[in-house]
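One structure is given below, encoded as structure tokens.
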Amino acid sequence: MTMEKITAIKGIKDILPQDTPIWHRVELTARKIFECFGFCEIRVPIMEKTALFQRSIGETTDIVEKEMYTFRDRDDELLTLRPEATASVIRAYIEHNLSASDPVTKLFTFGPMFRRERPQKGRFRQFHQIDVELFGDDKPQSDAEVIFMLMHFLTSAGLNELSLEINSLGCKACRPLFSSAVVDYLKDVDQSLCPDCQRRIKTNPLRVFDCKVESCSSIIAGAPQILNYLCAECEDHFSAVKSCLDDLNLTYSVNPKMVRGLDYYTKTAFEVKSGALGAQNSLAGGGRYDGLVSFLGGPDVPGIGFGIGMERLIACLPPTDKNPYRTDLYIAALGLRAQKIAFGLTQKLRHTGICAAMDYADKSLKSQMKRADRLNSAYTLIFGDKEIEENRAELRNMSTKNQQSLPLDHLLEAVTNILKER
RNA sequence: GUGGGUGUAGCUCAGUUGGUUAGAGUGCCGGGUUGUGGCCCCGGAGGCCGAGGGUUCAAAUCCCUUCACUCACCCCA
């Protein structure tokens, strides 16, 4: 009987050792930059009560309607694996009264998100986001600050050829006027739209704007534009955001057709795309959500934030060719006596923070040298019976090929001194 | 949920009109005089040819079914 091989779940990937150093580097870059802008890390759970996402993301969105991993706990409570981070961060913000200790709260978090979509390039069922949220400031400067930080981070992470698009989605005063104007317009041209768009008129009319079917785009070109329907407050806010971005020398384009898939966005919305990605070319996206905190039962506090797709970001980075790990010293011991000494030495060096390595199999010097090379070892320490008799060991610099003798009875000190000098 | 593409060694892929024991490159292990890595040379291990069924004297190759992966739609990070 052959055992069936158990594989990972569809759309859920392992991050292998050769890739984890890139993830660390990106996360470290994010951490440094965000902290520099005054953001603090928060860690929120990957599961929440289902109602949290239903209320925040919106009952009729695709995410809530058909993409969430929802299940009943043993006590029958409905739980969901988070499809995004904003809802959890807001929940925690409200639950712990973070607004009480500081009127402006700046938070970031990292972690896996879950959406049950059909996987493709740049889209997975478990994917990772870097998420940033700023609460308590409704000024356009905070919009610009957050966007500036996002772009600064992406370029620092090593990305180029990015395009930044911004738009304003209006607020609860002006967006409904725009929505009904769009619906009226679309009703007249209903028959000429693609089937998907005809469906969207009923479900989520604003989504017609990013339909890729050519016949639809030409029809939509003549549709009402949100920017013409903004109320005075939204209008002022949007132009102030643009002027701040100009002051910061950020290049962006205004895309009046950009709508976002989560219901909670208001006013400023933005998205960063990369040409290096394929169909799923959106690297990061976010926007303002001024009514959301109070809608979820918290104080009436404005908010703005964004999410960055880690897998997509890393896909844009140049691939790592060789072993990203390094070793300070490989110890090639020949024979049982030498190996016994080498074992203790290896552990002691590691104890002092030196990355030392050795093999416990009794291998030839040649094969041990090969392994030292493969481990990217800076030095190799070589000794066998002959050296033990003479109370010495050979230290080889792997790049210069220089070798020097060290006293065997003071190996730890001698090796440590040389390695620390580097 | 709907389409298209692809499944052969750890990885990247050849495999002719069906025809001996299924190959290459790379990686791994060993060797190239006795104890020195990268380059080069030689050798070795490693495959139920995704799975199941059918046609045939004969199937990696043809047919059917199924599964997996992948790209795209949809949607989004």
Side-chain angles (χ1 to χ4, degrees), chain A residues 2 4-5 7-11 13 16 18 57 61-67 82-86 110-132 150 154 194-197 199-200 203-204 207 210-213 258-262 270-274 277-286 305-316 322-323 327 330 332-335 338 361 363-387 393-403:
Chain A
T2 52
E4 196 184 332
K5 188 162 60 174
T7 59
I9 302 167
K10 183 199 286 288
K13 303 289 188 189
L16 297 173
Q18 57 180 346
I57 298 170
T61 56
D62 277 14
I63 293 178
V64 170
E65 271 186 347
K66 49 196 184 194
E67 294 175 1
R82 62 180 183 194
E84 54 109 50
T86 303
F110 302 154
M113 310 294 158
F114 305 85
R115 293 182 200 173
R116 199 183 185 291
E117 300 179 271
R118 211 41 193 272
Q120 70 185 74
K121 189 179 177 70
R123 192 174 69 183
F124 310 98
R125 290 186 173 181
Q126 180 183 135
F127 60 100
H128 296 76
Q129 280 191 354
I130 299 176
D131 186 78
V132 169
L150 170 61
L154 291 175
C194 72
D196 275 331
C197 283
R199 174 180 55 78
R200 288 183 182 115
T203 57
N204 201 342
R207 292 229 69 89
D210 46 23
C211 182
K212 285 160 192 151
V213 178
M258 179 179 65
V259 290
R260 302 208 47 83
L262 291 79
F270 52 94
E271 194 166 322
V272 181
K273 292 179 180 172
S274 165
L277 275 175
Q280 306 300 319
N281 62 354
S282 179
L283 261 183
F306 61 79
I308 304 170
M310 274 294 272
E311 284 84 356
R312 290 182 188 178
L313 191 166
I314 285 167
C316 293
K322 51 183 184 194
N323 183 0
T327 302
Y330 181 89
L334 300 159
K363 298 221 181 179
S364 70
L365 180 57
K366 178 172 182 166
S367 96
Q368 294 196 67
M369 291 299 292
K370 277 188 176 176
R371 182 151 171 79
D373 190 49
R374 206 177 327 136
L375 293 174
N376 283 338
S377 192
Y379 289 87
T380 300
L381 187 71
I382 304 163
F383 63 99
D385 288 338
K386 191 170 75 188
E387 286 79 6
E394 290 293 307
L395 184 70
R396 180 181 177 86
N397 181 319
M398 293 298 276
S399 48
T400 66
K401 299 184 178 182
N402 288 336
Q403 276 186 209

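Chain naming here is simple, since letters A, B, ... match the order of the sequence lines and numbering starts at 1 in each. Just the heavy atoms: all of them, side chains too, but no hydrogens, waters or symmetry mates, feed the values below.
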*Quickly work out the A:K13 NZ to B:rU70 C1' distance and round it to whole Å.*
9 Å
*Could you list the residues that satisfy salt bridge (Lys or Arg N to Asp or Glu O under 4.0 Å) with A:E84, not counting sequence neighbours?*
none
*Going by heavy atoms in the side chains, are A:R371 and A:S377 under 4.5 Å from each other?*
no
*asked:* By the 4.0 Å heavy-atom rule, please label A:K66 as base, sugar-phosphate, or nothing.
replied: nothing
*asked:* Over all strands shown, is A:Q368 touching base, sugar-phosphate only, or nothing at heavy-atom distances under 4.0 angstrom?
replied: nothing
Protein and nucleotides 28-30 of chain B: nitrogen or oxygen contacts under 3.5 angstrom:
unit_1 : atom_1 : unit_2 : atom_2 : d
B:rC28 : OP1    : A:R374 : NE     : 3.0
B:rC29 : OP1    : A:R374 : NH2    : 3.2
B:rC29 : OP2    : A:R374 : NH2    : 3.2

*Just jot down the side-chain contact (heavy atoms from CB on, under 4.5 Å) partners of A:K366, sequence neighbours excluded, or say none.*
A:S364, A:K370
*May I ask you to say what A:A372 touches in the nucleic acid, namely base, sugar-phosphate or nothing, with a heavy-atom cut-off under 4.0 Å?*
nothing
*Indicate, with a heavy-atom threshold strictly under 4.0 Å, whether A:L283 touches base, sugar-phosphate, or nothing.*
sugar-phosphate
*What pattern of brackets, bars and dots sums up RNA chain B from 5' to 3', given Watson-Crick or G-U wobble pairs under 3.5 Å, [ ] for crossing pairs and | for another strand?*
(((((((..((((.....[...)))).(((((.......))))).....(((((..]....))))))))))))....
*What pairs with A:S399 under side chain to side chain donor-acceptor pair (under 3.5 Å), at least two apart in sequence or on another chain?*
A:N397
_Listed partners of A:K363 passing side-chain contact (heavy atoms from CB on, under 4.5 Å), at least two apart_ = A:A361, A:S367, A:Q368
_According to side-chain contact (heavy atoms from CB on, under 4.5 Å), who are the partners of A:E117, at least two apart in sequence or on a separate chain?_
A:E67, A:R115, A:R123
*When we call it a touch if two heavy atoms are under 4.0 Å apart, what does A:E387 touch: a base, just sugar-phosphate, or nothing?*
base
*Reckon A:F124 touches a base, only the sugar-phosphate, or nothing at all at heavy-atom distances under 4.0 Å?*
base
*asked:* Run the side chain to side chain donor-acceptor pair (under 3.5 Å) test against A:E311 and tell me which residues pass, sequence neighbours left out.
replied: A:H128
*For A:S274, check side chain to side chain donor-acceptor pair (under 3.5 Å) against everything at least two apart and list the hits.*
none
*Round to the nearest Å and state the distance from A:L150 atom CG to B:rA77 atom C1'.*
11 Å
With 3.5 Å as the limit, what N/O pairs link the protein to nucleotides 1-10 of chain B?
unit_1 : atom_1 : unit_2 : atom_2 : d
B:rU2  : O4     : A:R118 : NH1    : 2.7

_Length of the CG-C1' vector between A:N281 and B:rC73, whole Å_ = 15 Å
_Can you list everything that forms a side chain to side chain donor-acceptor pair (under 3.5 Å) with A:R125? Sequence neighbours excluded, please._
none
*Applying ring-ring contact (aromatic ring centres under 6.0 Å, His included), name anything that partners A:F110, two or more places apart in sequence or on another chain.*
A:F108
